[in-house]
J.: 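Shown below is the structure under consideration.
First listed ligand is number 1; within each ligand, the first listed atom is number 1.
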Amino acid sequence: MPDKSKTRMRELDPSYRIGCFEEVALGYNMEEALKEASRCLQCKNEPCIAGCPVEIDIPGFIKALRDGDLGKSANLLKSANNLPAICGRVCPQERQCEARCVLGRVPGGEPVAIGRLERFVADLDIPVETVIKRPRSARVAVIGAGPAGLTVAADLAREGFKVTIYEAFHTAGGVLVYGIPEFRLPKSIVSKEVEFVKELGVEFVFNEIVGRTIPFEEIVDKYAAVFVGIGAGAPRFMGIPGSNLNNIFSASEFLTRVNLMKAYLFPEYDTPVKIKDRVAVIGAGNVTMDAARTAKRLGAKEVHVVYRRSEDEMPARLEEYHHAIEESIQFHWLTLPVEYSGDINNNVTGMKCVRMTLGEPDSSGRRRPVPVDGSEFIMEVDMVIEAIGQTPNAILRAGFPSIGLNKWGSIDADESTGAVNLKGVYAGGDIVTGAATVIEAMGAGKRSAVAIKKFLLEG
Ligand code: FAD
Ligand code: SF4
Ligand code: SF4
């Protein structure tokens, strides 16, 4: 029987890493990777594959690694997943592939560390054999260079289609570059995997906001098929009294300023962000953890995460939560801010909060938080970052008026193909599902690539 526990991954010491933006998780070396790979039972029914939205041959790539055939391992990975070094780092593996691993079902056992092995093989940078089919005349436009757009573009380019990605920013990656911080996902890793997509022949047009600097209809007329993967980039706000006080930010703005505008490299980059001593971050998802850990690195003395549900309902990746605890981030469960207060200069100084308890499950299946009468108290803070979710940007309604939306204001698209109400137009990723995960967006991109190919070849 293999070891019950995963092979540990080396990490930067918390006392060192809170003073810098270097990557926290250091990955496996060859010896550690082989040790972990040897735990895999090579199950004949391959249950882990069903947990991976891009259907990587998990037992296959692990076996090749174990056999020392690193080229085969890298090829197996990359043939299913265009962005393995990214996914190995940021996938919520505990809810995806690793949740299905039989070793996790043994009492006290941990699944094979599939994500860490994927990262290890991807980071070896072994050139892979990419088969690009003979060129086809049909041209496809992809709007948005996030994980969904990059995936659909790469898969169609492999099929021989000429693909052009239109991206609003000056660089590709979407949330991978402007949301997820350097200490979790180095931007050099994103650039390397974007480079691979370019090598497949995908063309990029940057600084083009479809629906504003170029009409959506012009793109629909010019291309045989169009994929819309513009993400859910607009923040949700608490909307409680006092929200207009100074030093209250959305996590999107805070993280974009730090990541894309490199505020953490001030004065080398002249775009500082102001950080206060006592920072509250509201929420409990990956965005919350990223904002809290970023604030700590930028010099906050205390960072408090405030969440209205309990630890059990926390949506963040477990690894990030554990890293946050190691970095002295303080957690306040079952606590809801209801009002901000400020000083005579309109700077926030405190949050009135109520304690919550958990009632019956709501539509999300999670137990509904209910306020406890008479439990109000004041938490003193001098900066607040709201990280309570994302919605589609207003440009969706204004710039893509012919696309049908669902009741949540996201694009109404067929789940298995991404097809929308317009012929030849597809959509996927956060703009369809609402804020979700990298691998779900990539899974949607993959399914749309299959559907677009069928549409272009069979009509
Ligand atoms: P996006 O990544 O949002 O990409 C959309 C792209 O479209 C962007 O590049 C945008 O600039 C571009 N665009 C928008 N409008 C236009 C337009 N009109 N014209 C042209 N281009 C346009 N997921 C995980 O799995 N693990 C994590 O650890 C994780 N951490 C996260 C941390 C943060 C801070 C955030 C914000 C999200 C995190 N997520 C995580 C969620 C994940 O990043 C998203 O689910 C994923 O990026 C969605 O991919 P997408 O391609 O649909 O959209
Ligand atoms: Fe697991 Fe994500 Fe890798 Fe798929 S891409 S095998 S879900 S870590
Ligand atoms: Fe290996 Fe686990 Fe997949 Fe079985 S379920 S093949 S042990 S990774």
J.: For ligand 1, which atoms, with element, lie under 4.0 Å from some heavy atom of F169?
T.: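 Here the atoms of ligand 1 in question are 11 (O).
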J.: Below 4.0 Å from ligand 1: does a non-hydrogen atom of E208 turn up there or not?
T.: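 Per 4.0 Å heavy-atom rule, E208 contacts ligand 1.
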J.: Does any N or O atom in V438 lie less than 3.5 angstrom from one in ligand 1, N or O only?
T.: yes
J.: Answer yes if the side chains of S250 and E253 hold a donor-acceptor pair under 3.5 Å, and no otherwise.
T.: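 There is no such pair between these side chains.
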J.: Specify the protein heavy atom at minimum distance from atom 38 (C) of ligand 1: its residue, its atom name, and the distance to 0.1 Å.
T.: V175 CG1, 3.9 Å
J.: Kindly indicate whether a cation-pi arrangement holds for K453 with F161, taking the cut-offs as under 6.0 Å to the six-membered ring centre and within 45° of the axis.
T.: no
J.: Just need the protein heavy atom nearest to atom 21 (N) of ligand 1, so name the residue and atom and give the distance.
T.: A168 N, 3.1 Å
J.: Could you identify the single nearest non-hydrogen protein atom to atom 40 (C) of ligand 1 and state the distance to 0.1 Å?
T.: N286 ND2, 4.1 Å
J.: Considering both backbone and side-chain atoms of P92, is one of its nitrogen or oxygen atoms within less than 3.5 Å of a nitrogen or oxygen in ligand 1?
T.: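 Between P92 and ligand 1 (N or O atoms, distance only) the closest approach is not under 3.5 Å.
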J.: Tell me if a side-chain donor or acceptor on D414 pairs with a main-chain N or O of S416 at a distance below 3.5 Å.
T.: yes
J.: With a 4.0 Å cut-off on heavy atoms, is L255 in contact with ligand 1?
T.: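 The answer is yes: ligand 1 sits under 4.0 Å from a heavy atom of L255.
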J.: Under 3.5 Å, is there a donor on one side chain and an acceptor on the other for E313 and Y307?
T.: no
J.: Would you check whether R212 reaches within less than 4.0 Å of ligand 1, judged by its heavy atoms?
T.: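 It does not; every heavy atom stays at 4.0 Å or beyond.
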J.: Report, in ascending order of atom number, the atoms of ligand 1 lying under 4.0 Å from any heavy atom of A441.
T.: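 Every atom of ligand 1 under 4.0 Å from some heavy atom of A441: 48 (C), 49 (O), 52 (O).
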J.: Would you say A436 has any N or O atom under 3.5 Å from an N or O of ligand 1, going by distance alone?
T.: yes
J.: Report yes or no: does G211 have a heavy atom closer than 4.0 Å to ligand 1?
T.: no
J.: Do the rings of Y223 and Y166 sit parallel, tilted or perpendicular, given the 30° and 60° boundaries?
T.: perpendicular
J.: Polar contacts were defined as any N/O atom of the residue lying under 3.5 Å from an N/O atom of the ligand; does this apply to P147 and ligand 1?
T.: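 Yes - when backbone and side-chain N and O of P147 are compared with those of ligand 1, one distance drops under 3.5 Å.
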J.: Among protein heavy atoms, which lies nearest atom 3 (Fe) of ligand 3, and at what distance?
T.: C48 SG, 2.4 Å
J.: Contact between G229 and ligand 1, counting heavy atoms under 4.0 Å?
T.: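 Contact check G229 vs ligand 1: positive.
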J.: In the protein, what heavy atom is nearest to atom 53 (O) of ligand 1, and what distance, to one decimal place, separates them?
T.: G231 CA, 3.4 Å
J.: Look only at the side chain of E98 and the backbone of I114, and say whether a donor-acceptor pair between them is shorter than 3.5 Å.
T.: yes
J.: Quick one: look up the protein heavy atom nearest atom 9 (O) of ligand 1 and list residue, atom name and how far away it is.
T.: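 Checked against all protein heavy atoms, atom 9 (O) of ligand 1 sits closest to E167 OE1, 2.7 Å.
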J.: Does G233 come within less than 4.0 Å of ligand 1, judged by its heavy atoms?
T.: no
J.: Can you count the protein N, O or S atoms that lie less than 2.8 Å from atom 2 (Fe) of ligand 2?
T.: 1
J.: List ligand 2 atoms under 4.0 Å from I58, heavy atoms only on the residue side.
T.: 6 (S)
J.: Mind checking whether W333 and Y321 have parallel, tilted or perpendicular rings, split at 30° and 60°?
T.: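 Perpendicular.
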J.: Using distance alone, determine whether G149 and ligand 1 share an N or O pair under 3.5 Å.
T.: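 Not met; the criterion fails.
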J.: Go through the side-chain N and O atoms of R158 and N82 and say whether any donor and acceptor fall under 3.5 Å apart.
T.: yes
J.: Donor-acceptor pair, distance only, cut-off 3.5 Å: does the side chain of E193 make one with the backbone of I86?
T.: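 Judged by distance alone, yes, a pair lies under 3.5 Å.
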J.: Is it the case that the side chain of R105 and the backbone of R100 share a donor-acceptor pair, with hydrogens and angles ignored and the cut-off at 3.5 Å?
T.: yes
J.: Check the angle between the aromatic planes of F21 and F183 and answer parallel, tilted or perpendicular using the 30° and 60° thresholds.
T.: tilted
J.: How far is atom 16 (C) of ligand 1 from the closest protein heavy atom, and which atom is that?
T.: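 For this ligand atom, the closest protein heavy atom is I230 CG2, 3.5 Å.
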